[in-house]
Protein chains: 2
Amino acid sequence: MDELDSAIVRELQQDARQTNRALAHRLGVAPSTCLERVRLLHRRGVIRGYHADIDPAALNRRVEAFVSVQLRPPSRQVIEGFKAAMFALPQVMAVYVVAGEQDFLVHVSVPSLDALHSFLIDRLTQRREVAGFRSQIIYDSARKNVAAPLE
Amino acid sequence: MDELDSAIVRELQQDARQTNRALAHRLGVAPSTCLERVRLLHRRGVIRGYHADIDPAALNRRVEAFVSVQLRPPSRQVIEGFKAAMFALPQVMAVYVVAGEQDFLVHVSVPSLDALHSFLIDRLTQRREVAGFRSQIIYDSARKNVAAPLE
DNA sequence: ACTCGTGCCGAATAGTGTGCGGCTCCGGCG
DNA sequence: CGCCGGAGCCGCACACTATTCGGCACGAGT
């Protein structure tokens, strides 16, 4: 994981579809060298994949929210089951098992406020292990797609 | 945004680096047709970009957390300033402006628990507009990289 | 029936990915 | 000090790919 690897990672985070030649030229190395590095990064698990970034509105998802959920009892089995159930739902974009007052943070993405409400009462309230939840509608968000190594 | 467009979006969310030919063959259309569709999706803003998915551990980020922040006063100026300041920090992966008890949700990614603590006391406590915060360490997470249109 | 517009296709060309042999650099060791 | 071995980078050649463009088919409107 030297300077060249970091640079490759940085570039591919920003634009995963630039040609290998362009990437190599930008970093000042030969295409073959660059290709070999990229393949090693893949093999080592540093690069886990390449994904298109899609506008949620185009998929009819105009409302996003975080739902904090408290489970009862917070046992391994309950947590795993809930996590799997949530993740399987199309409205759910991400699931986080967290420490603190709440046990879960579920990132949901739905067409409308009505759909959010339906989701909450049909998919959460209905589940016995849900001891309580609180939802935070997202007004604005900014995600980073480039992360540098720390330290 | 017909069935073919949706299929293209689905495929490119899963693997943004597959060749146009492979994509076309998988969807049963000619490569030239497929290419034209992809370009239109780009132009329409449906496809916003292509990003490599990088293992955070490889970038020396072994601890992730959500930090909920309450601001004082929650005015537009304070919110915008805080958002920009947070987003500029390398430890911050995402910033969400939310409704509810808290005003912000900051997704941070750091090398260690010590680094998280340092971040909290050096970057948050220090800021005057921060009226309070609560951090939730992420034990486990699952993100989806494929989202289908809803309804 | 005719025309126009839209979208798809297939072929041709320019450009790209990929494997491989050889080169250079550098550290270890006699 | 000279030699050896390995690692990493390079450039070339070939197969494959992206991209452009003219043409065709289909459906709507007149």
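Residue numbering restarts at 1 for every chain, and letters A, B, ... go by the order of the sequence lines. Side chains included, hydrogens not; waters and symmetry mates left out as well; all remaining heavy atoms used.
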d([atom1], [X]; [atom2], [N]) in whole Å:
{"X": "B:Leu23", "N": "D:dC16", "atom1": "CG", "atom2": "C1'", "result": "17 Å"}
{"X": "A:Leu27", "N": "D:dC9", "atom1": "CG", "atom2": "P", "result": "12 Å"}
{"X": "A:Gln18", "N": "C:dT16", "atom1": "CD", "atom2": "P", "result": "12 Å"}
{"X": "A:Leu35", "N": "C:dG15", "atom1": "CG", "atom2": "C1'", "result": "16 Å"}
{"X": "B:His42", "N": "D:dT19", "atom1": "NE2", "atom2": "C1'", "result": "16 Å"}
{"X": "A:Asp5", "N": "D:dC9", "atom1": "CG", "atom2": "P", "result": "9 Å"}
{"X": "A:Met1", "N": "D:dG8", "atom1": "CE", "atom2": "P", "result": "15 Å"}
{"X": "A:His25", "N": "C:dG17", "atom1": "NE2", "atom2": "C1'", "result": "18 Å"}

Pairwise N/O distances under 3.5 Å, protein to nucleotides 6-8 of chain C:
{"residue": "C:dC8", "atom": "OP1", "partner": "B:Arg37", "partner atom": "NE", "Å": "3.4"}
{"residue": "C:dC8", "atom": "OP1", "partner": "B:Arg37", "partner atom": "NH2", "Å": "2.6"}
{"residue": "C:dC8", "atom": "OP2", "partner": "B:Arg37", "partner atom": "NE", "Å": "3.4"}

For DNA chain D, whose closest nucleotide is more 5', that of A:Arg17 or that of A:Arg21?
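Its nearest nucleotide lies further toward 5', so the answer is A:Arg21.
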
- Is the phosphate of D:dT20, meaning OP1 or OP2, less than 4.0 Å from a side-chain N or O of B:Arg39?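 Yes.
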
On the 0 to 90° scale, with breaks at 30° and 60°, tag the B:Tyr50-B:His42 ring pair as parallel, tilted or perpendicular.
->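 Ring orientation of B:Tyr50 relative to B:His42: perpendicular.
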
query: Where does the angle between the aromatic ring planes of A:Phe66 and A:Tyr96 fall among parallel (under 30°), tilted (30 to 60°) and perpendicular (over 60°)?
result: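 Aromatic pair A:Phe66/A:Tyr96 classed tilted.
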
Inset, instruction - Identify whether any heavy atom of B:Ser32 sits under 4.0 Å from a base atom; if not, whether one sits that close to sugar-phosphate; answer base, sugar-phosphate or nothing. - result: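 Base, at least one base atom sits under 4.0 Å.
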
Checking the side chain of A:Arg61 only, and the main-chain atoms of B:Ala148 only, is there a donor and an acceptor separated by less than 3.5 Å?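 Yes, the answer is positive, given that a donor and an acceptor are paired below the 3.5 Å cut-off.
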
May I have the step-by-step check of side-chain contact (heavy atoms from CB on, under 4.5 Å) for A:Leu105 and B:Ile138, ending in yes or no?
CA-CA 9 Å; A:Leu105 215 54; B:Ile138 300 173; over 6 Å; no

Note to self: Can you confirm if the NZ or CZ of B:Lys144 lies within 45° of the ring axis of A:Phe87 and under 6.0 Å from the centre of its six-membered ring?
What the structure shows: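 Yes, cation above the ring, under 6.0 Å and within 45°.
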
Practice prompt. Of all the heavy-atom pairs spanning B:Ser109 and A:Leu150, show the shortest one and how long it is.
Written response: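 For B:Ser109 and A:Leu150, the tightest heavy-atom pair comes out as O-CD1, 3.5 Å.
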
Any salt bridge linking B:Arg37 with B:Glu11? Criterion: basic side-chain nitrogen under 4.0 Å from a carboxylate oxygen.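 So B:Arg37 does not pair with B:Glu11 through a salt bridge.
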
